[in-house]
Amino acid sequence: MKKYDHKKIEKKWQKHWAVKKIYKTKEGGKKPKCFILDMFPYPSGEGLHVGHPRGYIAADVYSRFKRMNGFNVLHPMGFDSFGLPAENYAIKNKIHPEVAIKNNIKRYKKQLEMLGFDYDWDREIITSDPNFYKWTQWIFLKMFEKGLAYESYEPINFCPSCLTGLANEDVEDGKCERCATPVVKKPMRQWVLKITDYAERMLEDLKELKGWSEHIKESQRHWIGKSEGVEVSFKLTANSLQFGEVKIFTTRVDTIFGVTYLVIAPENKIIEELKGQIKNLGAVEKYITEAKNKSDLQRTDLAKEKTGVDLKGVKALNPANGEEVPIFVADYVLGGYGTGAVMAVPAHDERDWEFAKKYNLPIREIIEPLFKTTFGPDAIVENLPMQKRETVVCIVKHWSENKYICLKWKKYDWKTFVVGGTDGEDPVKAGLREIKEETGYVSPKFIKKLGSKVHNQFFARHKNENRWAIITPLYFELENGEKMEIDQKENETHDVVWVNHNEVLNYLFDDKSDTLFWNRMIGEESIYTGDGILINSEEFDGLDSKTARGKMTKWLEERKLGEKKINYKLKDWVFSRQRYWGEPIPLIHCGYCGVVAVPEKDLPVKLPKVKFYEPTDTGESPLAKMDKWTNVKCPKCGGKGKRETNTMPQWAGSSWYYLRYIDPKNKKALVDKKKEKYWSPVDMYVGGTEHATRHLIYARFWHKFLYDIGIVGEKEPFASLKNQGLIMGNDGRKMSKRWGNVVNPDDVVSQFGADTLRVYEMFMGPFDQPISWSADNMIGSRRFLERVYSLSLKLKNKKSNLKTENPKLERLIHQTIKKVTEDIENFRFNTAISALMILLNEMEKDENKPSSFSYKSFIKLLSPFAPHLAEEIWQNILGEKKSIHLEEWPKFDESKIEPDETTVVVQINGKVRGSFSAGKDKNQEEIQSIALSLPEIKKYVGENEIKKILFVKNKIISIVI
RNA sequence: GCCUGAGUGGUGAAACUGGUAUACACGUAACACUUAAAAUGUUAUGGGCGAAAGCUCGUGUGGGUUCGAUUCCCACCUCAGGCACCA
């Protein structure tokens, strides 16, 4: 028998498909469209490793599947070729980036073609191609026109190794995302895009993105980082004279009466204004200089130890109570967030608390902790009123050992300290009384109070009411073991248990207020940062935090001392790079007119060809040295002008590239309106999760902008997004030259074939989960394909052309069609392939000769995964004339899926004790009588009384005895 | 610290809205074919007890709900990813 020669087969059909252009996307027609997009690769020097194509294979499978299901498919590919990696590669290897990119793209393309993807290469785009980046520049100009691109001189993240400014998104853990060098803050001229204008819409529209995985949306929400609070003005005084004001931002106005000092960031400009008033200016300036010289990494690494300097001579007035508080400059407050200043409430904020402890600042409690029980049998019952009750909780220590009294309640699953109501009595007295009554010990001695009162809201089962316990926690010690008789009633309620010191929390376990008491008891200082009940807050006393926030905000607003404010962590996008290999920013600086846009007709502003493109450390791009290129006429006044020499970041082209696939050769517009309307949005976007907070944020931002100026008709660019898990080396580490664990797809394809690689990568595990490469496991996929091939030859030789087959196989065929169809639709490729394997196993049995419908269906189901082999069988063995990839996807018949007989399982007390097969849809009575007549069931039931019988049709009968 | 996801055989992993846990594949063992090996095929393959029929334990740990839990609830542990002095 002929052997499965993957080399011959794959080469033959790849050529055939290319010549016949079977994957060419046609415009128009009546078919519904499906736009399938891969995150296009960055053509680095390394070439693809076996992990890269996982997403491409999935998209290709999906694309072929959709095409066979009657969709007009757009599945293009291109290259993201501008940016740092290409440039760094070029510098390292002393090849001009343009040449390097050309070579690398060639190599990538060859590798992609080798895997048999169904791209329409006529639509290929390359972001460093002037015909493409003309439109990248055009979009920038539109943003400039709308005031969304602005020039700034603020200090930004700067990579001292790449010698360029970076966006917030390009920094990971305080290090440059490309080269892992710690970034520094450096003031420099830069172009910035006002992405923050779109923060709210980007956040809001996430809700509509049903096809995105939750964790990507979650990390975008995080990145955008919305928080609602109040901006409050604190008046400043020096020598009892008013001296302007400082604005702070807080989400916790309810704690404003607990402010004991203010903190401003070293970057805050207010310090400049106050210079004349600061008595220790030298120390303050020294601190600020030091803070500025710290890298981000240092500043966060040193986070554990907070530092700061008092602004002597200047005080702030708390608008809530008119109190004068000191002001500190400290770098634990960030200059770039909110107003760059905060009110410090050390009693209820961990950072402020740490700082206050270090500098011995007063700590004032304003919030009494409130714990609500929200689940379990003690959960608050809605619509039942709250009964307030003053309570004491007594921690009682043994007279000689390190043990404490806990009560174990008899009727309820409770373990508590000694507790009791005070009924207006002095809490200490009440505590003494409770200890005696409940435990019998007669010698308790009061030692101390354990912090503030604590509120506990729960459902009191023993009284059948919602209880709001206002607890005073007290600490007692017994002087001796003398005991009196306990009241009968108390004795019936609970047992007294002595618990060792270090086991107390484990014993009591679930009540958070107990934990708090205990921590205070053992002297562990802990602060409460949650919501609670206000005290020491004048007219706001007794309110809960949430209500207090509302009332205080109103109070401040009425007096013009504060206003509601929303802040975002998202920062504007630093959009200029001091590097050569990027899109030139199409602006001209003119001495008379200022910054002038390059007229649209002069686009693209081409990147000049240069010999030297290494970055400089002057804060200028290498382009600045090219006088011939930079010196131009001002388009407005005709006078002398200079081109902007900064270039765009790596992410510019990829922020909109998908739109260009729709209309890649259009010279007049970014994209034709009609075509855009037909193809948008992208129906399925496949790529890695590493782009969650970079590319995917930028692209959404640009898309929304293009929507606003009427270029696109959809608010969101990508309707569905699927993320592939990383493929690691067989050692479980990320594939990298460094570990020597890189597997080259060229080798795999040559040895096993592209189809085997494709099937294996889809079969190896769930698509979105990371997984280690295993050459051993891949053998299974190869064997599977070999068996498919040899079965095909066998069936051909036997000239099997059955019309029907045995019903079991027929049912399996229809089940498999259903399963594979649903699985591909949901990106569950591993189970789809397993279903195909099960079907093959059955068809290989002699008694199960498939009909020609069945066999052809099977090959069609296989074709998205193994396109070459499927085509070979389809045309060469089965003698079909049309490509299988243009055939129609098989349809299953629902009526043929259901079996006539089902296996009914018999359970006794939930355990499987037997099973039998019975006709479909039999009712309980019939099944029950069969079940009870089975000997193995009789054995168990015996003389026992049957309490209950549960029945699930076609599945299970459960007997309870 | 916070957020998200995940813990199932020797391994990669299945299991629809709670209903026969371990499908499919890898590996391993035995057998067949072969002078032999490879390849291929057949059979077996969670642990314990048992000659066997069978019994019993088992989806990270501990508890709960249920006739019945990998699936739902609570607490904890471990791993991966994201964010991290964001007031």
### Query
So what does A:Ile956 hit on the nucleic acid, given a heavy-atom distance under 4.0 Å: a base, only sugar-phosphate, or nothing?
base
#### Entry: Gap in Å between the two P atoms, one belonging to B:G5 and one to B:C72, rounded
12 Å
### Query
Considering only the P atoms, how many Å lie between B:C73 and B:G19, rounded to the nearest integer?
15 Å
### Task
Give me the ring orientation class for A:Tyr359 and A:Phe328: parallel if the planes are under 30° apart, tilted from 30 to 60°, perpendicular past 60°.
tilted
### Query
B:C72 pairs with which nucleotide, Watson-Crick or G-U wobble, both distances below 3.5 Å?
B:G64
### Message
Base of B:C67, side chain of A:Lys947 - is there a donor-acceptor contact under 3.5 Å?
### Response
no
### Query
If the C1' atom of B:G10 is compared with that of B:U22, how far apart are they to the nearest Å?
14 Å
### Query
B:C26 P sits how many Å from A:Met837 CE, rounded?
7 Å
### Message
I'd like to know if A:Gln907 reaches the base of B:G19 with its side chain, counting only an N/O donor and acceptor under 3.5 Å.
### Response
yes
### Task
May I ask which nucleotide in the shown strands pairs with B:C55, Watson-Crick or G-U wobble, both distances under 3.5 Å?
B:G48
### Task
Using both distances under 3.5 Å as the test, list the Watson-Crick or G-U wobble partner of B:U40, or none.
B:A32
### Candidate nucleotides B:G12, B:C83, B:A87, ranked by approach to the side chain of A:Phe763 - the nearest
B:G12
### Query
Taking the same atom, P, in B:A37 and in B:U70, what whole-Å distance lies between them?
45 Å
### Task
Determine the contact category for A:Lys948: base if any of its heavy atoms lies under 4.0 Å from a base atom, sugar-phosphate if only primed atoms, P, OP1 or OP2 are that close, otherwise nothing.
sugar-phosphate
### Spacing of A:Trp773 atom CH2 relative to B:A25 atom C1', expressed in whole Å
15 Å
### Summary
RNA chain B nearest-nucleotide lookup for A:Met764 and A:Thr250: closer to the 5′ end is A:Met764
### Message
I'd like the P distance from B:A21 over to B:U59, given in whole Å.
### Response
12 Å
### Task
Hey, could you give me the CE/CG distance between A:Met735 and A:Asn730, rounded to the nearest 0.5 Å?
7.5 Å
### Message
Taking the C1' atom in each of B:U78 and B:U61, what is the distance between them to the nearest angstrom?
### Response
10 Å
### Task
Looking at every strand, decide which applies to A:Arg787 at a 4.0 Å heavy-atom threshold: base, sugar-phosphate, or nothing.
sugar-phosphate
### Task
Searching all strands shown, indicate the nucleotide that pairs with B:A15 (Watson-Crick or G-U wobble; both distances under 3.5 Å).
none
